[in-house]
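Accompanying notes for the structure given below.
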Amino acid sequence: AWIFQRAPTGTAGGCAQLQPPSPRVVSPYSSFFFFLQNVRIDPNSISFSMWKDIPVPFYMAVHFFEVLNPKEVLQGAKPVLSQRGPYVYRSFRYKTNITFHDNDTVSFLEYRKLFFQPDLSNGTEDEYIIVPNILMMGAAVMMENLPNFVKLLLSGALAGLKQEAFMNRTVGEIMWGYEDPLIDTINMLVPGLIPFKGKFGLFIELNNSNSGLFTVNTGMKNISRVHMVDSWNGLKKVNYWRSSECNMINGTAGEMWPPFMSPTSLEFYSPDACRSMTLVYERSGKFEGVPTYRFVAPKTLFANGTDYPPNEGFCPCMQSGIQNVSTCRLNAPIFISHPHFYNADPALVNAVEGLHPSKDQHALFLDVHPMTGIPMNCSIKLQLNLYIKQVSGIIQTGKIKPVVLPLLWFAESGSIEGSVLKQFYTNLVLIPSLLDYLQYIFLGLSVPLIISAAVLMAMSQVRPCRCLMGNAVSQIRLNQIMSIELTA
């Protein structure tokens, strides 16, 4: 739903957590098998309702980049940006159209509702922000190679509509949409260039929208395949990119992973990025006492094909650190990256003023419980950027120098807490630890018992020998006495 596409596409690998099962029998083996039964996607399991309607609170924090010098940028100056926000939204998620299939898979649509949280936000949705005229500047770049007379017609129409390269809109309008006659004008001049009507907004239909029809493995027959994506919208692979490898749909839907994870990497398919993404293991740790593996984005995630040849299929590329998603955004000049161009080519950061990339603030991460594959704590962060430049024939673009201009970045975060966290810790950390300690205690107690039993057994064997020897000695003495008496 970022631009030129009204239907949004879920989170970029938004993570989801489920309530852990409560073991009924405190036996290592029974708890183990009971756990396996409830990790599977099974309508008869006690965790199914938690998978269907995720109880863990999620929040989406949106930060906008306001352009402080729009007039100077039109004359060729470097854009000066100021970060605004965050504007925080509470996200509720639930699954519908759940259909189980005979091949050990289940299909579903996951929806979410967003509610603005004034108490968690730094500002309101009524605040005005100066940003690029996304619709106009995007269309200008898209029309760059069209005949000059078409561009002149558009320029004249833009003048009549009083359209400029930058606009002053409220946060609510930019996110949820505003009426713009430019939509109809562009569609009249270039039919099909912008295939929608009415309002335009970056997240116009994010509420009550879904991320596409996912079909994933249930794990009923093979627990190592649980949550792995079988298809997305009926596709085994997408066709956005230039190589078969880049078009592959790998990993899970970004909610959970198969149990017994290894400290290497994890994969998920992100509809927002139109591709599969791989995160790599960084370190082991604990979240509220629960053991976790932390997975982060490698520097090669958004690298260009020159720096990282496997990414050549995602090109045409610019600098490393940004990915061109125009092929899945109706050819709009949209790029995604880490916030503030973190882990990107320094040239991108230096092309504007006001960016301060930081690992602590801008790196995404997933903290996953390795035994269950359930994320305990996560924060998925992405930045949307618009490529703008001077386009000959469209005077409204002025003398803007080519630049990948940050529009906004968002962080979608969630963590297990409250009673869910307590149950998780009790059932999957505390009880197994107690069972381990009990084993050592029983072993420790059994050693002296075994020794005592051995000693008693040895003593029981020695006593008969001593009795027999005593009887023999007594008999000898009796015989000697009898012999003396007979002699006498």
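Although no hydrogens or angles enter the test, the distance criterion places a donor-acceptor pair under 3.5 Å between the side chain of Trp232 and the main chain of Ser211. Between the Asn69 side chain and the Val80 main chain, a donor and an acceptor come within less than 3.5 Å of each other. In terms of modelled atom types and a separation under 3.5 Å, the side chain of Arg84 and the main chain of Phe64 share no donor-acceptor contact. Looking only at distances, no side-chain donor or acceptor of Asn233 sits under 3.5 Å from a matching main-chain atom of Leu235. Judged by distance alone, the side chain of Thr252 and the main-chain N or O of Met256 form a donor-acceptor pair under 3.5 Å. Under the 3.5 Å distance criterion, the side-chain polar atoms of Ser265 are left unmatched by any main-chain donor or acceptor of Thr278.
A ring pair (Phe, Tyr, Trp, His ring centres under 6.0 Å) with Tyr293 holds for exactly one of Phe365, Phe287, Phe260, Tyr281; it is Tyr281.
Under the 4.5 Å side-chain criterion, counting only non-hydrogen atoms from C-beta, Asn324 is not in contact with Met318. In this structure, the side chains of Asp42 and Phe48 stay at 4.5 Å or more apart for every pair of heavy atoms. Here the side chains of Phe203 and Leu114 are not in contact, with every heavy-atom distance at 4.5 Å or above. Counting heavy atoms from C-beta on, the side chains of Asn210 and Glu110 never come closer than 4.5 Å. Contact of the Phe166 side chain with the Val73 side chain is registered, since non-hydrogen atoms from C-beta on lie closer than 4.5 Å. Tyr269 is listed as a side-chain neighbour of Val238, based on a closest heavy-atom distance under 4.5 Å. Between Phe302 and Ile322 there is no side-chain heavy-atom pair separated by less than 4.5 Å. Taking the side chain as every heavy atom from C-beta outward, Ile400 and Met137 approach each other to under 4.5 Å.
Seen from the ring of Phe58, Arg112 does not count as a face-on cation partner, given the 6.0 Å and 45° thresholds. Taking the ring axis of Tyr128 as reference, the NZ or CZ atom of Arg169 does not stay both within 45° of it and closer than 6.0 Å to the ring centre.
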Handout entry: side chain to side chain contact (heavy atoms under 4.5 Å, CB included) assessment of Val39 paired with Ile374
Key = CA-CA 9 Å; Val39 166; Ile374 298 176; 6.0 Å; no
Exercise for the section: For Phe295 and Met261, run side chain to side chain contact (heavy atoms under 4.5 Å, CB included): C-alpha distance rounded to whole Å, both residues' side-chain angles, the deciding distance at 0.1 Å, then the answer. Expected result: CA-CA 11 Å; Phe295 295 90; Met261 302 179 69; 3.9 Å; yes
Practice task
Begin with the C-alpha distance, continue with both residues' side-chain angles, and end with the deciding distance and a verdict on side chain to side chain donor-acceptor pair (under 3.5 Å) for Thr170 and Asp126.
Solution key: CA-CA 5 Å; Thr170 67; Asp126 297 326; 5.7 Å; no
Practice task
List the steps, then state whether side chain to side chain contact (heavy atoms under 4.5 Å, CB included) holds for Val171 with Thr124.
Solution key: CA-CA 8 Å; Val171 170; Thr124 71; over 6 Å; no
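Take Arg294 and apply the salt bridge (Lys or Arg N to Asp or Glu O under 4.0 Å) test, not counting sequence neighbours, and it matches Asp367. Listed by chain and residue number, His101, Asn103, Thr215, Asn217, Asp230 satisfy the side chain to side chain contact (heavy atoms under 4.5 Å, CB included) test with Thr105 (two or more places apart in sequence, or in another chain). Scanning for side chain to side chain contact (heavy atoms under 4.5 Å, CB included) contacts around Asn133 gives Leu135, Met136, Gln163, Met167, with sequence neighbours left out. Residues that satisfy the salt bridge (Lys or Arg N to Asp or Glu O under 4.0 Å) test with Glu164, not counting sequence neighbours, are absent from this structure. Lys359 meets the salt bridge (Lys or Arg N to Asp or Glu O under 4.0 Å) test with Glu282; sequence neighbours excluded. Remark: Ala61 engages His63, Pro86, Val88 in a side chain to side chain contact (heavy atoms under 4.5 Å, CB included) (not counting sequence neighbours). Scored by the side chain to side chain contact (heavy atoms under 4.5 Å, CB included) test, Cys274 finds Tyr240, Trp241, Cys328, Arg329 as partners (sequence neighbours excluded). Partners of Lys381 by salt bridge (Lys or Arg N to Asp or Glu O under 4.0 Å), not counting sequence neighbours: none found.
Aromatic ring centroids of Phe268 and His227 lie 6.0 Å or more apart. Side-chain rings of Trp51 and Phe108 approach one another, their centers coming within less than 6.0 Å. For an aromatic pair to be called close, the ring centres must be under 6.0 Å apart, and Tyr89 with Trp176 satisfies this.
Side-chain contact check for Asn377 and Thr292: no donor-acceptor pair (N or O, by modelled atom type) lies under 3.5 Å.
In terms of heavy-atom proximity, Asp53 sits nearest to Lys95 at OD1-N, 4.2 Å. The shortest heavy-atom contact between Gly123 and Glu127 is CA-OE2, 3.2 Å.
Heavy-atom contacts from other residues, nucleotides or ligands closer than 6.0 Å to NZ of Lys78 number more than 12.
Ring geometry, Trp409 versus His340: the interplanar angle exceeds 60°, so the pair is classed perpendicular (tilted spans 30 to 60°). Tyr387 and Phe335 have perpendicular rings, their planes meeting at more than 60° on a 0 to 90° scale where under 30° would count as parallel.
Residue pairs that meet the disulfide bond (SG atoms under 2.5 Å apart) test with at least one member in residues 101-137, sequence neighbours left out, do not exist here. Among pairs with a residue in residues 303-319, those fulfilling side-chain hydrogen bond (donor to acceptor under 3.5 Å, both in side chains) read Asn304-Ser320, Asp307-Ser320, at least two apart in sequence or across chains. Residue pairs meeting the salt bridge (charged side-chain N to carboxylate O under 4.0 Å, His left out) criterion with at least one partner in residues 114-125, sequence neighbours excluded, are absent. Judged as a disulfide bond (SG atoms under 2.5 Å apart), not a single pair has a partner in residues 199-265 (not counting sequence neighbours).
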